[in-house]
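Throughout, a chain's letter reflects where its sequence line sits, starting with A, and its residues are numbered from 1.
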Amino acid sequence: MSFEALGLHASLVKAVAEAGYTQPTPVQAQAIPAAIAGRDLLVSSQTGSGKTAAFMLPALNKLANAEIVQARTTAQSAQSARAKGERVRFTAAQPKMLVLTPTRELALQVTSATEQYTTDMRRIRAVSILGGMPYPKQMQLLAKNPEILVATPGRLIDHMESGKIDFSELEILVLDEADRMLDMGFIDDIEKIVAATPASRQTMLFSATLDGVVGNMARRITKDPQTIQIMSAANRHENITQRVHFVDDLSHKNRLLDHLLRDEGLDQAVVFTATKRDADMIADRLNIAGFAAAALHGDMHQGARNRTLDSMRRGQVRVLVATDVAARGIDVPTITHVVNYDLPKFPEDYVHRIGRTGRAGRNGLAISLVNHAEGMNVKRIERFTKQLIPVDVVEGFEPKRSAPARTGARAGWKPGDGRNAAKPGQRSFAKPGYADRAPREGGFADRAPRQDNGFARPADSRYADRGPRENAGAPREGFRRDAAPRAAAPAGAPRDAGHRGPRPEGARRDSGFAKPSAHPRSADGTRRSFGEY
DNA sequence: AAAAAAC
């Protein structure tokens, strides 16, 4: 299957080849012919599946075939009138295509991808309309009467209301990451924008999900749409090898991080932190250690964020240390490693984070550095993704508290080598202790929520190949949960509400550490002084 | 203790 076979214009096929793509992805293979045939599209696929090209290529095809000289005339006549010294009112831009995205970054990515595809089609221009951009500059862009606007909703409405944009000529409307736009409260804005476009338009909606609110809106704004649901390998993250490393404390974590970043297979990495402050500090520290690192977080100005992402794309930055700003949308194919320095707050964010690697059909490695106390958060992620994440130990970086040792899991891993990843439909991993075992009945992934009885749980299947503990039955030292059973939660108490019941008198010895209320602690449980905050 | 979207 080739791009020619999908019915694309020769110059587009050439541009796509120059961008390094030879084969359409599954979304592209389905979406492009349907869109060229003029159908409305509802596409559920996640980032990394090549969806920008899936809507942009057929759209450019349509625009290239259309008579675009006419679109130029308004701008041209205004120009010649100005040349004659006449006063000319600004004529509203009359775009042929509008792409709405939830974030500025995504809009910029779509615009630059479009510029790549249109190198041989210089008459077609794409322009970003974003908040945070100076108005005079945007007026210049709009005065060129570009065929394609890529916009975030707020600023676009701003321009619409002041009469700078006229959608009467609009032929194609694309809503990218529609679910996220709704999550972010853009529903009224989207309705308003859609209402300003001609009913004759072609509409393409892309979203991670097509049910619920998104589905309702999708059906309202499309006509007889073709629904495309792609569960590609990239969507299921099968090309991404996932690992958990247990760490004892912050210094252990930092040493391990440095070691992992020296992996010979590492091209570029994203390190995720829980706070903006940590992103800055770790980037600084890594720079001093010689890593070519840069921070990325929401406290940075838009310009600085764009510059950082650009130098990441150009390969000047090898380690990006970021908060969840970078969890979604960032598309840099050369990212081989994602490291969760801190686990994300929500399992959903974990999935978005690890999706920063394994782009464009490549393989990637996603490593989470986890304090022993965070084991429960790993479980939540595993439950959410319905996959077990193998625990890994690096020689020389063994945690003091014996974490489940799974030697060999990591040995010899190289990017471009996804053999450790789960195969389609496979619940377990091709590792000793998993490969030869059928999935446990009522296994972890589909087990009903456990009733918390306050006791340590029976061995996790992940540890099962270790056999029984030598000192099984004896209280493990330093394990609070073994010190004394907690009182059972009262009947009807919400699960996971943090209920502990009254602690039996003397059940917990004074650890010597201040209580969390007195001293904020990092996710490691490492105490930090107030001065650091 | 994140993020994001208009001025």
Closest of B:dA1, B:dA5, B:dA3 to the A:Phe186 side chain is B:dA5
When rounded to whole Å, the CG to P distance for the pair A:Leu130 and B:dA4 reads 13 Å
Nearest-Å distance for atom pair NZ/P, residues A:Lys345 and B:dA4: 15 Å
Is the distance from OP1 or OP2 of B:dA3 to the nearest side-chain N or O of A:Lys276 less than 4.0 Å? yes
Show which side-chain atoms of residues 183-195 of chain A pair as donor or acceptor with protein atoms under 3.5 Å away, not counting sequence neighbours.
from, atom 1, to, atom 2, distance (Å)
A:Glu191, OE2, A:Arg220, NH2, 2.3
A:Lys192, NZ, A:Glu161, OE2, 3.4

What nucleic acid atoms does A:Arg305 come within less than 4.0 Å of, heavy atoms only: base, sugar-phosphate, or nothing? sugar-phosphate
Residues in salt bridge (charged side-chain N to carboxylate O under 4.0 Å, His left out) with A:Arg104, at least two apart? none
Any A:Thr152 side-chain N or O less than 4.0 Å from OP1/OP2 of B:dA6: yes
Of the candidate nucleotides B:dA1, B:dA6, B:dA5, which contains the atom at the shortest distance from the side chain of A:Thr275? B:dA1
Could you give the CG-to-C1' distance, from A:Asp299 to B:dA2, as a whole number of Å? 10 Å
Whole angstrom is fine here: how far is it from CG in A:Leu156 over to C1' in B:dA5? 13 Å
Evaluate the side-chain hydrogen bond (donor to acceptor under 3.5 Å, both in side chains) criterion for residues A:Thr203 and A:Arg201: first the C-alpha distance (whole Å), next the side-chain angles of each, then the deciding distance (0.1 Å), finally the verdict. CA-CA 6 Å; A:Thr203 309; A:Arg201 67 171 191 268; 2.7 Å; yes
Would you check if there is a donor-acceptor pair between the side chains of A:Lys164 and A:Gln138 at a distance under 3.5 Å? no
Select one nucleotide: of B:dA3, B:dA4, B:dA6, the one nearest the side-chain heavy atoms of A:Thr323. B:dA3
Mind checking A:Pro102 for me? I need base, sugar-phosphate or nothing, with any heavy atom below 4.0 Å counting as a touch. sugar-phosphate
Atom CG of A:Asp189 to atom P of B:dA4: distance rounded to whole Å? 18 Å
Under 4.0 angstrom, heavy atoms only, what part of the nucleic acid is A:Gly132 near: base, sugar-phosphate, or nothing? sugar-phosphate
Between B:dA3 (P) and A:Asp342 (CG): distance, integer Å: 13 Å
It should be established whether A:Arg104 places a side-chain nitrogen or oxygen under 4.0 Å from OP1 or OP2 of nucleotide B:dA4. no
Mind checking A:Phe346 for me? I need base, sugar-phosphate or nothing, with any heavy atom below 4.0 Å counting as a touch. base
Whole angstroms only, please: what is the CG-C1' distance between A:Asp278 and B:dA2? 12 Å
Winner on side-chain proximity to A:Asp158, out of B:dA2, B:dA6, B:dA5, is B:dA6
Is A:Lys96 paired with A:Glu147 through a side-chain N to carboxylate O contact shorter than 4.0 Å? no
Tell me: NE2 of A:His352 to C1' of B:dA2, nearest whole Å? 14 Å
